[in-house]
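This report refers to the structure that appears directly beneath it.
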Amino acid sequence: MIKISAYAKINLTLDVTGKLPNGYHELRSVMQQTDLHDDVIIDEGSDKRIILEVMSESEKNSDNVAGALCHDMVPTDGRNIAYRAAEKILDAAKQCGKPCGNVKISLVKRIPAAAGMAGGSTDAAAVLTGINRFYELGFTEEKLCEIGVTLGADVPFCIKGGTALCEGIGEKMTALPSPKGIPVLIAKPAIAVSTAEAYSLLDEADAEGKLVHPDTDGLVSLLKAGGADGTISATKISGYLGNGFYQVIGNLHPEIRDLCNEMTERGAAGSLMSGSGPSVFGLFEDKSLADKVRKEMEVKYPGVFFYSGYLI
Ligand code: ATP
């Protein structure tokens, strides 16, 4: 049995820079992992090639936040990206003459689903890494990323982890020094954001010249200059936070803006929505303040899922 932590990501910047001939949007984003994670347990299976079970961590899955976690939407069959990841790596192993036995995957979900935190992609990444280790397949990280990108553009980032500039549809990655250790507060309201609608609103705003583009290059320079020794403050990073989707989705769902504003009013150095939402995050200088704000906001917003932890 092997247990892998599958970490959630946030977008410190997220910019849509163009459209490809196939209709996909081109992105530029500094993606950052946080210590909020699912557990992915890989074990020998029994009669079926792949068995997948999904559990929601009971402590966090209180009645209050069950609606925000959306774990009831997570499938246990081939619709689950973690299941498809297992199929792909077992196929690749077979092709290389390294057939493995049957696999049992247990997912302990903590990351809210459909939140803009790559919950599914990170589970898929952990399945690829986990099966590779469990069956000692010897696939390199590059090979795992090659398999991963066929499942989703964010999967290679989730395999490599840390901090990266992601371009193209998200799959072209440049690793960056991580500002790890910065305290983060995450909030996920019980709102469903349609990704298709988010892109169409963003296109509209862009066509009208209303879209503000974040300074991704500025953040990349700051991270490179600061190194991985913890010298970059939450305040410095917060000067560069920006996400085009926040402009349009924040207008559509005022609760998203309220959560961001409230985090900053209560002492976050900066706050923003992640991905196309609806989760938001605040960066703090001080973990005890992030914890205090989490406790206060949990009381004020009973249907919202909150988590305080660190960037990793
Ligand atoms: P991203 O930030 O990459 O857009 P997300 O956080 O918005 O991801 P996911 O949590 O990956 O979205 O969930 C999107 C949908 O995928 C859900 O509605 C769910 O039904 C489905 N899904 C499939 N596999 C998983 C999984 N392992 N965990 C969560 N959702 C999954």
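Here, residue 1 is the first one in the sequence, and each next residue gets the next number. Ligands are counted one by one from 1 in listed order, and the atoms in each one are counted from 1 as well. Atom set for the values below is all heavy atoms of this structure, side chains included, hydrogens, waters and symmetry mates excluded.
- Geometrically, ligand 1 and Leu107 share no nitrogen or oxygen pair separated by less than 3.5 Å.
- Counting only heavy atoms of the protein, atom 3 (O) of ligand 1 lies nearest to Asp154 OD2, 3.0 Å.
- Here the heavy atom of the protein found nearest to atom 7 (O) of ligand 1 is Gly116 N, 3.0 Å.
- Residues forming a side chain to side chain contact (heavy atoms under 4.5 Å, CB included) with Lys19 (at least two apart in sequence, or on another chain): His25, Asp203.
- A distance-only check finds a donor-acceptor pair linking the side chain of Ser274 to the backbone of Gly116 [under 3.5 Å].
- Atom 9 (P) of ligand 1 has as its closest protein heavy atom Ala114 N, 3.5 Å.
- Note that OG of Ser29 is 12.0 Å distant from CE of Met173, once rounded to the nearest 0.5 Å.
- Distances shorter than 4.0 angstrom do not occur between any heavy atom of His71 and any atom of ligand 1.
- Considering both main-chain and side-chain atoms, Met117 comes within under 3.5 Å of ligand 1 through a nitrogen or oxygen pair.
- Short contacts between ligand 1 and Val74, defined as distances under 4.0 Å to a heavy atom of the residue, involve ligand atoms 26 (C), 28 (N), 29 (C), 30 (N).
- For atom 11 (O) of ligand 1, the closest non-hydrogen atom of the protein is Gly120 N, 2.8 Å.
- Checking only distances, Ile81 does come within under 3.5 Å of ligand 1, N or O to N or O.
- From Ile4, atom CD1 reaches atom CG of Asp39 across 10.5 Å, with rounding to the nearest 0.5 Å.
- At a cut-off of 3.5 Å, with distance as the only test, no side-chain donor of Glu26 or Thr17 sits close to an acceptor on the other residue.
- Of the protein's non-hydrogen atoms, Ala118 N, 2.8 Å is the one closest to atom 2 (O) of ligand 1.
- Considering OG of Ser279 and CD1 of Ile256, their distance stands at 8.5 Å, rounded to 0.5 Å.
- Note on ring orientation: taking the six-membered ring where Trp is involved, the planes of Tyr301 and Phe306 are tilted (angle from 30° to 60°).
- Taking the ring centre of Tyr307 as origin, the terminal cationic atom of Lys188 falls outside the region bounded by 6.0 Å and 45° from the ring axis.
- Closest protein heavy atom to atom 25 (C) of ligand 1: Asn80 OD1, 3.7 Å.
- Here Ile89 contributes atom CD1 and Phe139 contributes atom CZ; the two are 5.5 Å apart, rounded to the nearest 0.5 Å.
- When all heavy atoms are compared, the tightest approach of Val149 to Pro156 is CB-CG, 3.8 Å.
- Where the criterion is an N or O separation shorter than 3.5 Å, residue side chain and backbone included, Met73 meets it with respect to ligand 1.
- Within ligand 1, counting atoms from 1 as listed, the ones closer than 4.0 Å to a heavy atom of Arg79 are 23 (C).
- Every atom of ligand 1 is numbered from 1 in the order shown, and the set under 4.0 Å from a heavy atom of Gly119 is 6 (O), 10 (O), 11 (O).
- One distance of note links CZ of Arg110 with OG of Ser5; it measures 7.5 Å at 0.5 Å rounding.
- Distances below 4.0 Å separate heavy atoms of Lys9 from the following atoms of ligand 1: 2 (O).
- Among all non-hydrogen protein atoms, the one lying nearest atom 29 (C) of ligand 1 is Lys109 NZ, 3.5 Å.
- With respect to atom 21 (C) of ligand 1, the closest heavy atom belonging to the protein is Pro75 CD, 4.2 Å.
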